[in-house]
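Data first, discussion second: the structure below is written as structure tokens.
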2 protein chains.
Amino acid sequence: MLSLHQLRCFLATLEHGSFTAAASALGYAQPSISEQVRLLEQQLDTTLFRRVGRGLVPTEAARALQPHASVALAAVDEAGRAVASVRELLTGTVRFGVFRTARFYLAADLVADVLQRHPGVRVELVGQNSAEVLEHLRKGRLEAAVIALPVEDENMVVTPVLRDELVYVSADPARLHARITAADLAAAQLVLPDASWRETDTTRRQLAQAVQRTGHPLRPRIEVEDTETALDIAARGLADTVTWRGVLHGLGDRLPAGLGWAPLRPAMYETFAVVHREGELSPASRVVVDLVTARMRGLDRAMRARTA
Amino acid sequence: MLSLHQLRCFLATLEHGSFTAAASALGYAQPSISEQVRLLEQQLDTTLFRRVGRGLVPTEAARALQPHASVALAAVDEAGRAVASVRELLTGTVRFGVFRTARFYLAADLVADVLQRHPGVRVELVGQNSAEVLEHLRKGRLEAAVIALPVEDENMVVTPVLRDELVYVSADPARLHARITAADLAAAQLVLPDASWRETDTTRRQLAQAVQRTGHPLRPRIEVEDTETALDIAARGLADTVTWRGVLHGLGDRLPAGLGWAPLRPAMYETFAVVHREGELSPASRVVVDLVTARMRGLDRAMRARTA
DNA sequence: CGTTATCCGAAGGCATTTCCTTTAGCTGAA
DNA sequence: TTCAGCTAAAGGAAATGCCTTCGGATAACG
């Protein structure tokens, strides 16, 4: 089978006009080059150089071969550089898993940070739901992610970064009394997000468990996919909803007007963690993991301070 | 150093999703593929596949490498086909040496023949002079040629194909008597071609020798490069000239009007031969050699018949 | 016209690579 | 829990690649 080495020897010979010159250019002995070219000729079943006295004369076949040989070598060269570029995080795609509402916590800023530090990289934040992302992690399709606990997989490295508190959200100040209980939840007209993921979503399951203890099922009046949609509906007074303080914090000014919130009692928490498989992280993921960890912990501190 | 084999194994693995599948596709055992990919990873100093349970997941580096690896393999593949195409005379350039006045004997027809039989090839007929062409042959820059004898080189295969006769050409019928001798040549006002090659041109040397035997030098009044120019001058009556019957034969209707010719006595002949180095001829040259041989021999028969 | 320098090719030997088979360990699914 | 499928590791056989040395041929030079 044709080999790159043969092509290298061939091109050097073509360029320098003799095996000896090519050999010294490539740092080999002359018979080595000679043999490689002979092998190439044998494999191509043609004559590449006419041996005439001392000196070689390239044949038509050699002229035909030359450009393709160059292309092949250049491609291999380029391949090495492309991989190095990815390795050094100059180019390539950073793929990182996030829980669905991560955009309220960090999405835009995180992407901005990565793009600024590594111009040339693409960023891909994937994830509809923590459970789905965890599955991607386990299958190896993602290297790292930030998702809601629990993560029950001993092969994963789990680093908690933010604890968030579930709050009750309503447009009606009358319903925002100090201590909203599970019984209140069971009685309320609710709009809840994550319609497609209600079976696996940890928040939904936490809520369901708490409400069930009151003897009633959690039966939201409205179900939507998106947290923002749920908030919009709540803002119109059509129903109340439940969400994370971090979401309200992240929305800031963009929180639909007229909404207020109150804590649940007993409080319900969700812990988010950066998760990745054991072993080496690629530099790309390393960068994102570090950024996410720092940013989420900062957010955690900010939110706890505000509570106090 | 990166090798094509490694790239092949890598691509097969990428395509089939596992070492085992790639191995069976390439006809190797699994550990061979595994090792090649590991080697590739080591040389590129990166991870190409994340080993996750059973099955492999390509990394970003693998995605970066893939297109370049494909290009390299395709180029090598294409290289083989390009060479084969030359070998089978589908494309490429056929380079053939000819003596200067060959165009009167065969040039256009020869080219037409080659082009018709091998659409896709380029044809190059090189040669200012038989001596120069012979030098090209010896240096290996030409594979084969048709030139005037003598060829004193034991490494050359010489196949005589046409014997031509030198004739005296004039616009003045009075000077075209039956038996023109060397003395007549010495006395005549002559225009001779091959100004640049008079030292080495065999015809010129033959003429010079014959004239010198009469005690006079060969001192043409006019010297031009081109046989046709010499004939034009002769047609105007400015001087007489000497040329080969084959040239007149080949010119046919295009022979300048008013010119007549007469044989020399003793007759002077020139023999043209197809010449090439010993050993294998490339298919391209083989084709041309055969065409030239057939055509020149046909011409030879035609001219001898006309004499008889 | 001989001499010298240069280059290609062949042979023998050494080191490395490549591929095989076998075996063990791990993972995911029934 | 067992079974099937995959990767990884080890050891050995074969081939490949490279080196040095030598011989033959050619071109340049005195």
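A quick note: this is a predicted structure, and the numbers were derived from the prediction, not measured. Every chain is numbered from 1, with letters handed out A, B, ... down the list of sequences.
Legend: salt bridge (charged side-chain N to carboxylate O under 4.0 Å, His left out) pairs involving residues 16-42 of chain A, not counting sequence neighbours, sorted by first then second residue: E41(A)-R51(A). Residue pairs meeting the salt bridge (charged side-chain N to carboxylate O under 4.0 Å, His left out) criterion with at least one partner in residues 282-293 of chain B, sequence neighbours excluded, are R286(B)-D290(B). Applying the salt bridge (charged side-chain N to carboxylate O under 4.0 Å, His left out) definition to pairs two or more places apart or across chains, those involving residues 73-87 of chain A are D77(A)-R81(A), E78(A)-R81(A).
Nearest heavy atom pair, residue A61(B) against residue T46(B), reads CB-OG1, 3.6 Å.
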Got a list of side-chain donor-acceptor pairs under 3.5 Å for residues 24-34 of chain A, not counting sequence neighbours?
residue: S24(A); atom: OG; partner: A21(A); partner atom: O; Å: 3.2

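The separation between E135(B) atom CD and dT26(D) atom C1' is 13 Å, rounded to whole Å. When rounded to the nearest whole Å, the span between CZ of R38(B) and P of dA9(D) equals 6 Å. Rounded to whole angstrom, the span from the CD atom of Q42(B) across to the P atom of dT18(C) amounts to 11 Å. Taking atom CZ on R50(A) and atom C1' on dC7(C), their separation rounds to 18 Å, with Å as the unit. In this structure, L56(A) places its CG atom 8 Å from C1' of dC8(C), rounding to the nearest Å.
Comment: E132(A) does not engage R100(A) in a salt bridge, judged by the lack of any side-chain N to carboxylate O separation of less than 4.0 angstrom. Under 4.0 Å is where a charged nitrogen must lie from a carboxylate oxygen, and between R50(A) and E143(B) at least one such pair does.
Near DNA chain D, meaning a heavy atom under 4.0 Å away, there are no residues from residues 4-16 of chain B. Interface residues of residues 18-33 of chain B facing DNA chain D, ordered by number: S18(B), F19(B), T20(B), Q30(B), P31(B); criterion, heavy-atom separation under 4.0 Å.
The residue among L39(A) and E35(B) whose nearest nucleotide of DNA chain D lies closer to the 5′ end is E35(B).
Looking only at distances, a side-chain donor or acceptor of R277(B) sits under 3.5 Å from a matching main-chain atom of R138(B).
The side chain of S34(B) contributes an N or O atom lying less than 4.0 Å from OP1 or OP2 of dA8(D).
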